[in-house]
Every structure is written in C-alpha cells, then in structure tokens.
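Naming: A, B, ... by sequence-line order, numbering from 1 per chain.
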Number of protein chains: 2
Amino acid sequence: MAKAARKKRPPTKKKASRPLPADISTEEKIMQAAKKLFTKKGFAATRTRDIAEEAGINLALLNYYFRSKEKLFDIVMLDNFRQFIKGVSVSLLDETASFDEKIKKIVTAYIDFITHHPDLPLFILNEIRGNPSRLVQQISAEVAPLRAHMFRQLQEAGKQGKINPIDPFHFIANLIGLTVFPFVARPLLQRVTGVSDQQFQAFMEERKELVPLWISAIMHSKK
Amino acid sequence: MAKAARKKRPPTKKKASRPLPADISTEEKIMQAAKKLFTKKGFAATRTRDIAEEAGINLALLNYYFRSKEKLFDIVMLDNFRQFIKGVSVSLLDETASFDEKIKKIVTAYIDFITHHPDLPLFILNEIRGNPSRLVQQISAEVAPLRAHMFRQLQEAGKQGKINPIDPFHFIANLIGLTVFPFVARPLLQRVTGVSDQQFQAFMEERKELVPLWISAIMHSKK
DNA sequence: TTCATTTTTAATCATTTGATTAAAAAACTT
DNA sequence: AAGTTTTTTAATCAAATGATTAAAAATGAA
C-alpha cells in the first residue's frame, strides 16, 4: 500500500524575510554542546542525550535542527578542522615576515591555540583516520593553497643555499611533531617525566622559543 | 523472597593438573580478535558481537571467558601498553651501546615496530586520556626503571659537556615526537603533502637515519 | 484578537547492544 | 560405557540509545 510518505517539516528553513533571533540561538546552543562533547569523547562515545542535556534542551530538538547524530557530527568536525587550520594560515600567509619569522609565528600560534583547545588535535587525528569521506576531501581542498604557498617558500629558501634541501614531508612532520605532539601525548609525557600541569605549561612556553631554534638547527645540520 | 544467588560457574579456572589445550585456544582467539578491533576502533565503537564474529565464536563465550567487555578491554589495553614499551626498553637497557647508538636503536626499533602495528600509538594516546585508572598507574610503575635509566644517561652526557643541558621533558618529547608522530598523523600528513603510501614508507625509512642526526643537531645547537 | 508558522516538549518506538540463561555438545575421568 | 566437568550454543532479556510523533507553547503577522 503506497503509504504517502509523510513529508517531514523542513527544519530550520529560516524565513529570509526576517532577521534571526539574534541572541544565542537554540541551534547555536546545540552546536556548542555537541562540539564540546564530540571533541572530548569522540563520535561513538557521545550520546545524543548528553548533548541535549549539555545544551539544556529537549532531545527531539536536536533531531529537529540537525536531522541526525551523524549530520551534527559532520558539522562539528568541519568546524573544528577549519579552526585548526586557521591558526596556521594566518601566520603562513603573512607576506611581510621572513621564513624564520613565519615559523616562529606558527609555533607560537599553535601552542597558544591548543592550550585553549586541548582536545582538538587528538580529535582531528582520530576522526581523520576513519573518514576517507567527502568531509576530509573538502578539508584537503581548503588546505591546498596553504600547502602550495609553504612549498614554494621552502624551495626558495633551499635555492638560496640558506638551508639544506629538506623534503616538505619531513619539514611539516618535524614542525607539527615538535609543536603539537607534546599536547597529544601530554598525559603520557607527564607520567613518564613526572611533570606537573603547571610545569607542562612552562615547558610549552619554552618551546615557543626552542622549537624554531631546533627547526633551524635541523635545517642547517649537515647531511 | 531471598532468591538464593545463582552462583555462576567460575570461568576458565584451568585444572592445574592437566596441560592446556595447547593449540590456539578459544580464549586466545577472543583476545586476538578483541585486540584487533579495540585497537583499531577504540572501546566505545567496538561491539562485543563484532569481536565474537571476528573470533568465530558465539557471543556468550566472550562473556563466559572474560565476564564483561570492560574486563576484556582492560586486558587488551595492558597487553598493548606492554608491547609498546618493550620496544624501547630493549634498546634502552643495552649497556654496551653509546648514547648516540642507543638513540639510533630506539628510533629504528620504534619505526619498525609501529610499521607493523600502525594503530597502536593512537590507541594508546586515546585510552590513556580517559583513564586515570589503576591501569595507567600500573603502566607508570613498569616504566619507572626505564625512565630513571634514561635520565641518568642524559645527565651524564650533559656533564661531559658533549651536549647542551636539555630537560628530559624536551628530550623525550622531541624523540617520540619526531619518531612516532608521523605515524599518528599519517593520514593528515599524506593528504597535506600529497604523499603515497609507498612514499610514506620510504620517508620513514629515511627518518631512521635522519631523526638521530636531528636529535644530535638539536642537542648541539647553541641556546 | 485571530490565525498561521515556528519552536519546543513529553511520550513512545525500534533497534542496537551488553549480558544471562538453560540446555546441548564436547572433553575428560573412572 | 557411565558419569562428571568443561566448553559452546541458541534464545532471550534488559537497558541504552537514536529517532519519531503528536500535541502544546511561543512567536509573529493580519
């Protein structure tokens, strides 16, 4: 029997004619709650009920606005990625800075940024793994111009003989590894080295200076 | 009504009098399946049914042998940790090797090891975060002697004026960061740098030589 | 106000999932 | 072989969980 598909009321089709509620909208509340929980615990370990409670709304509202847990997650993930990339792109595209200055800016920016969003890196590393999807594809597209720019700079610096020719792969692995990895491995590192929370922060402050120095040392070390 | 608590038959209390089944026991099959899935997808995203299927046994058997998903996970996790640590400890405790040689051995050992267990590092970084539990405590205890040994070596090398005095925190963060991080961030790195699977392996082979060189350069760079 | 539309809720559904049970099958002892 | 214990299974349970529904409340337009 042809069950006339009950057309669901389209959610959140804002009447273009009138301005938004302006204040902290319900949709935004849900997004923020979802971001907080998804980022901290990952997709599978996060319950939609927890998100609803964190947002202070009814569970049905979540589905009303976002249709499904997956959809909501995709949005949060994309948002997280963009934020993560933005940190680097600003410094990277600053044409007035020298290569060394750029590195220093990137390192500082990332350390500051992750200090305020400590769960982000691991979230991204996790979710990028299980997702060969369009999401990741989209991210790649957004990163492309940045990559091109950095590669060019690397090549120029290499040609001027200032530094060793180093493959971009190694360069980026080193830069991000030295900067981001301590945050990702923080619980492990603190256990193994017996470092307190306060000390950890101090060490990361130190690294703002040290990592650029080390990167430089690496690129001037003789093969 | 006092329902006389149905005493559950104690699982897997092997009669000590007779040797084990010897071949690949059911218990072992379950362990291996659980390890594979837990390590790849984490605790929350892994279903006990999937483990049972992967092991080719009935779901009830899993609970018969291990009582609960949590218990099984704890066992797998401890096992994974030990394996991860073992890689380093062998190289580290080799008294015949010089400091530089040790570093080279550690880097090579880790790169080889993780190449064959690519999901392990991220698993550990994930599970150590949400687990301030006795599990992590136990790990710490097992790592302690290694840490002490490495610290002593670092201090000695520093006193001999061969290298800059470098805090153990920075040293370990650098060593592991440069060695392990590329694997953890592999999908991201490959996307950003446009590197193929084959090329990635080649790069990691290169790093067996390069990372020790870089570590050396870092420790000889002037403050 | 009245009416239409949007937003929110309580209640419920359907499926998934960890766990248990009772009984069958297999292994071992005598 | 008979009896005992261990191992394995099919069936089922109970709780958790993502999603939907129908109706109420709020909002804005006329």
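- Residues satisfying the salt bridge (charged side-chain N to carboxylate O under 4.0 Å, His left out) criterion with A/D167, sequence neighbours excluded, are absent altogether.
- With rounding to whole Å, A/L62 atom CG is found 15 Å from C/dT7 atom P.
- Note: CZ (A/R67) to C1' (D/dA19) measures 10 Å, nearest angstrom.
- B/I57 has its CD1 atom 13 Å from the C1' atom of C/dA19, to the nearest Å.
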Under 3.5 Å, sequence neighbours excluded: what are the donor-acceptor pairs made by side chains of residues 33-41 of chain A?
| unit_1 | atom_1 | unit_2 | atom_2 | d |
| --- | --- | --- | --- | --- |
| A/K35 | NZ | A/D79 | OD2 | 2.6 |
| A/K35 | NZ | A/Q83 | OE1 | 3.1 |
| A/K36 | NZ | A/E54 | OE2 | 3.0 |
| A/T39 | OG1 | A/K35 | O | 2.5 |
| A/T39 | OG1 | A/N80 | ND2 | 3.0 |

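- Across B/I166 and A/W214, no two heavy atoms sit closer than the pair CD1-CZ2, 4.3 Å.
- Listed by chain and residue number, A/D197 satisfy the salt bridge (charged side-chain N to carboxylate O under 4.0 Å, His left out) test with A/R186 (two or more places apart in sequence, or in another chain).
- Legend: salt bridge (charged side-chain N to carboxylate O under 4.0 Å, His left out) pairs involving residues 106-116 of chain B, not counting sequence neighbours, sorted by first then second residue: B/D112-B/K208.
- Relative to the side chain of B/N63, the nucleotides C/dA19, D/dT8, D/dT20 differ in distance, and C/dA19 lies closest.
- Remark: B/E127 pairs with no residue by the salt bridge (charged side-chain N to carboxylate O under 4.0 Å, His left out) rule, at least two apart or across chains.
- Distance from the side chain of B/Y64 is smallest for D/dT7 among the nucleotides C/dT20, D/dT7, D/dT21.
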Kindly give the atom pairs (protein nitrogen or oxygen, nucleotide nitrogen or oxygen) under 3.5 Å for nucleotides 13-17 of chain C.
| unit_1 | atom_1 | unit_2 | atom_2 | d |
| --- | --- | --- | --- | --- |
| C/dT17 | OP1 | B/R47 | NE | 2.5 |

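- Here D/dA19 presents its P atom at 10 Å from CG of A/L72, a figure rounded to the nearest Å.
- Side chain of B/A60, nearest nucleotide from C/dA19, D/dT8, D/dT9: D/dT9.
- Minimum atom distance to the side chain of A/T26 is reached by C/dT8, of the listed D/dT21, C/dT20, C/dT8.
- When distances run from any side-chain atom of B/N58 to the nucleotides D/dT7, C/dT8, D/dA10, the shortest one goes to D/dA10.
- B/L59 comes within contact range of at least one nucleobase, with a heavy-atom separation under 4.0 Å.
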